[in-house]
Each structure stands twice: as C-alpha cells, then as structure tokens.
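Remarks on the structure that follows.
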Amino acid sequence: MHLGDFLRDELRLTGTHLGCEHGVCGACTVLVNGQPTRSCITFAVACEGQEVTTIEGYDDDAVMQKLRPAFTRHHALQCGFCTPGMLTTARDIVLRLPHADEALVRLELSGNLCRCTGYQGIVDAILDVLQQQRDTPDAEVEKLRQTLSLPRTMALGPVTTPSPAQPPTADPVVAAEMAEVDPIAMAKAKAKGNAIEVHFDVPYPADQVWEFMGDLPAVASCLPGATIDSHEGERVKGTIAIKFGPMSAAFAGAARLERDDAARRAVLRGAGQDSLSKSRTQGDITYRLEALTAGSTRVHVDMIYALQGPLAQFSRSGLVKDFVRRMVADFGKQITRRLGGQTVASNEPQPTVSVAGMMWSVLWSRIRGWFGKSPRP
C-alpha cells in the first residue's frame with residue numbers, strides 16, 4: 001500500500017488528494033521528516049519510524065499561517081484539488097529560498113500541476129509571504145528556517161528525528177556490496193531500451209584526457225550533484241543529489257572503475273539507493289577515447305541503467321534520455337575547464353542536479369527545433 005492510500009483509507013486523513021498516482025502531478029505531496037514527498041509513489045511501510053505531516057497538521061505552523069490567507073487574497077485556489085500539495089511545496093519554498101524571485105518560484109513549483117488557476121495567483125501568494133518575511137521578520141518562521149524542525153503531527157511508528165550533523169545515508173557496507181552490478185538486471189535494462197550512446201569533444205590530447213579520466217575524485221568534481229565520501233584504488237563511495245521539482249533524491253552508493261589503458265577504454269560500474277524513497281539504481285557507464293587530432297579528443301559514452309522503486313516512474317520518458325545527454329554535455333564542459341586549469345576541490349559538492357531546469361532547457365530546444373523545421377508561409 002502506498003502512503004497516500006494509507007493516509008486516506010486507514011487514517012482517514014482525506015486532506016491528502018491523489019491525482020495521477022504516478023508521482024507527476026504533485027497533488028499528494030506531504031512532508032516526510034520535513035521533506036516534500038510524493039505520497040502516491042512512497043510505500044507506507046517505508047515510512048515506519050518516520051514523521052509524516054499532512055495538510056491537517058499545519059494549524060500551529062508559522063509559515064502556513066501566512067500562506068493560507070495569502071492564497072485567499074490572491075485567489076490562488078479554485079477547485080482546491082491541488083491545493084494541499086501546492087501549500088506543502090509553497091511552505092518548502094518559503095523556508096528554503098527566502099530571496100526567491102518569480103522565476104525561481106515558478107521553477108520550484110514545476111512539480112505541482114494546477115488545472116484551474118493559471119498559477120499566477122499561486123506565485124503571487126508565495127512572493128507575498130516572502131516579502132512579508134523580508135519586511136517584518138517573523139521569529140517563528142526564522143526559527144524554522146534555521147533549525148528546519150517541523151511540526152509533529154503523525155508518526156507511523158516511533159518518531160525518530162535525524163541529527164542535522166548526521167543526515168540519513170545508506171549503510172556504507174550495503175553501498176559497497178551494491179557496487180557489484182547485477183548483469184541480469186543490466187541485460188533486462190538494455191532490452192527495455194534503458195541505454196544511451198552519446199559523445200563529447202575535449203580540446204586536449206588523448207593521453208592527457210585519459211590520465212584525467214582515471215582520477216575518480218577529479219572526475220566526480222565535474223559531475224553536477226556528485227559528492228565523494230571515500231576513495232580507495234579503483235573504488236569510490238559517494239552521493240549524487242537530484243531534484244525533481246519539489247522532490248529531492250540523494251543516491252548514496254559505490255562504484256568501481258575497470259580500465260584498459262591500451263585501448264583507452266574503461267567501464268564504471270556503480271549502484272546506489274535513495275535513503276528516503278528507497279529507490280535503487282545501478283548501471284554501467286563505458287567510455288572510450290578517440291583521438292581526433294593531436295590536440296583534440298572525442299569521448300564516447302555508452303550508458304546502461306536500471307532504476308527500481310518509486311522514482312522508476314521518471315526513467316520511462318524519452319525526455320529522460322535527452323536530459324542525460326544534456327548532463328553528459330555539461331560534464332564534458334566541466335572536464336575541459338578542469339584540464340584548462342580551473343580547479344575545484346575534490347571533496348567540494350557540485351550544485352544539485354535540477355531535473356526541472358534541465359528538462360525545460362531540453363523542451364525549449366525541441367520547440368525551437370520544431371519551429372526551425374516548419375515551412376515558411
């Protein structure tokens with residue numbers, strides 16, 4: 001049973017609305033340990049021992065006391081179906097992004113769909129509350145921003161609050177074992193079409209690029225959202241953070257690099273798990289270097305991936321492949337920068353990957369391509 005059905009049918013907390021039931025529309029968004037979460041693609045059993053906050057639990061919440069009247073003033077709701085999830089996401093925006101402008105608010109709302117309002121009233125209501133807090137700071141809101149402590153409303157079992165200094169991560173032993181990718185799962189993934197071939201060019205000699213690509217911490221520093229926790233030989237452990245509109249995932253896991261120096265070919269095999277949704281991913285990334293000229297190299301990348309769990313819904317769209325291609329292109333640009341002398345600390349995390357932002361970029365490119373191919377009148 002997923003969390004949305006458990007809340008509605010077992011606990012009779014019917015303020016949580018179920019829409020698409022595919023993790024797309026955002027109507028069912030609730031808080032799990034303070035983080036916005038799609039309750040329709042989260043198993044109820046995965047929330048045992050976690051703190052879950054629904055729309056019924058905000059009566060004493062300082063941020064919601066400002067958002068609710070702002071939604072009324074700006075007519076930010078009509079039928080009301082999306083409103084519980086929309087308010088949950090709006091609260092998250094107010095707490096995380098005190099200086100957000102309209103463009104950023106719209107981006108953060110991209111994971112919540114509304115078929116009635118046209119969004120302008122919703123955006124105006126959030127901007128109104130943000131401005132209120134800037135003009136006349138509310139001590140309770142500031143406290144929430146600083147501590148990120150959220151109201152205790154309902155617990156599915158004993159409530160445990162992770163320490164801010166020790167965020168929940170995957171067990172390192174489990175992560176190490178997960179680096180051994182299942183070849184059967186990879187074969188099934190390839191048969192399903194979960195394979196991508198892409199390349200990028202680097203304006204440096206092949207030997208120099210090959211040497212750089214063997215430095216796992218350096219390579220990870222070029223990948224958006226990646227953080228290296230430990231590195232030993234050809235094995236590495238770390239986290240990749242990805243954001244799906246109001247949903248965030250941090251895949252903690254491990255990877256192993258297998259290199260063929262003579263052929264300038266390598267395979268990175270890795271796997272990881274998101275601590276909140278319990279989604280698991282594993283994959284093989286094969287890269288091969290081709291010397292185009294004495295000072296130019298083409299890096300061919302073949303990727304096979306498998307995603308299991310609630311977040312698997314996001315692996316089914318053709319846009320995901322466009323997104324990965326765009327991310328690999330950005331990865332190539334970062335490698336060029338590093339080879340050009342622009343250094344980044346190996347343990348410095350890169351900005352979280354914003355799927356919404358990259359997807360919009362991909363969509364806009366497609367739209368421009370369609371109009372570019374249209375016959376002129």
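In this text, all values refer to a predicted model and were calculated from it rather than measured experimentally.
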Please give me the minimum heavy-atom distance between G26 and T29, naming the atom from each residue. O-OG1, 2.7 Å
Sorted by chain and residue number, the side chain to side chain donor-acceptor pair (under 3.5 Å) partners of D207 (sequence neighbours excluded) come out as R264
Main-chain N/O of A206 paired to T297 side chain as donor or acceptor, under 3.5 Å: yes
Mind checking side chain to side chain donor-acceptor pair (under 3.5 Å) for Q208 and listing every partner two or more places apart, or none if nothing turns up? none
Within a reach of under 6.0 Å around CD of E258, are more than 12 heavy atoms found that belong to other residues, nucleotides or ligands? yes
Transitively linked via ILVMFWY side-chain contacts under 4.5 Å: L127 with L77? yes
Dump the intermediate steps for side-chain contact (heavy atoms from CB on, under 4.5 Å) on L31 and R91, then the final yes or no. CA-CA 10 Å; L31 296 180; R91 181 185 184 277; 3.8 Å; yes
Sub-4.5 Å side-chain heavy-atom contact between H2 and S39: no
Can you label the angle between the H300 ring and the H199 ring as parallel, tilted or perpendicular, going by 30° and 60°? tilted
Just wondering, more than 12 heavy atoms not from E232 lying within 6.0 Å of its CD? no
For R259, enumerate each residue passing the side chain to side chain donor-acceptor pair (under 3.5 Å) test, keeping only those at least two apart in sequence or located in another chain. D261
Closer than 3.5 angstrom, by distance alone: can the side chain of H74 be matched with the main-chain N or O of A76 as a donor-acceptor pair? no
Taking the side chain as C-beta and beyond, is there a heavy-atom pair between H75 and D124 under 4.5 Å? no
All salt bridge (Lys or Arg N to Asp or Glu O under 4.0 Å) counterparts of D5, not counting sequence neighbours: none
When rounded to the nearest 0.5 angstrom, what is the spacing between CZ in R68 and OH in Y58? 9.0 Å
Residues passing the side chain to side chain donor-acceptor pair (under 3.5 Å) test with D215, sequence neighbours excluded, are none
Basic-acidic side-chain contact under 4.0 Å: R145, E142: yes
In this structure, are over 12 heavy atoms from other groups packed under 6.0 Å from Q120 atom CD? yes
For D128 and Q132, test the side chains for any donor-to-acceptor distance below 3.5 angstrom and give the result as yes or no. yes
Over all atoms of both residues, closest heavy-atom pair of E56 and T14: OE2-N, 3.4 Å
Counting heavy atoms not belonging to R115, are there more than 12 under 6.0 Å from its CZ? no
Where is the tightest heavy-atom contact between V209 and Y204, given as atom of each residue plus distance? CG2-O, 3.8 Å
Assess whether atom CG of D60 is packed by more than 12 heavy atoms of other residues, nucleotides or ligands within 6.0 Å. no
What pairs with E10 under salt bridge (Lys or Arg N to Asp or Glu O under 4.0 Å), at least two apart in sequence or on another chain? none
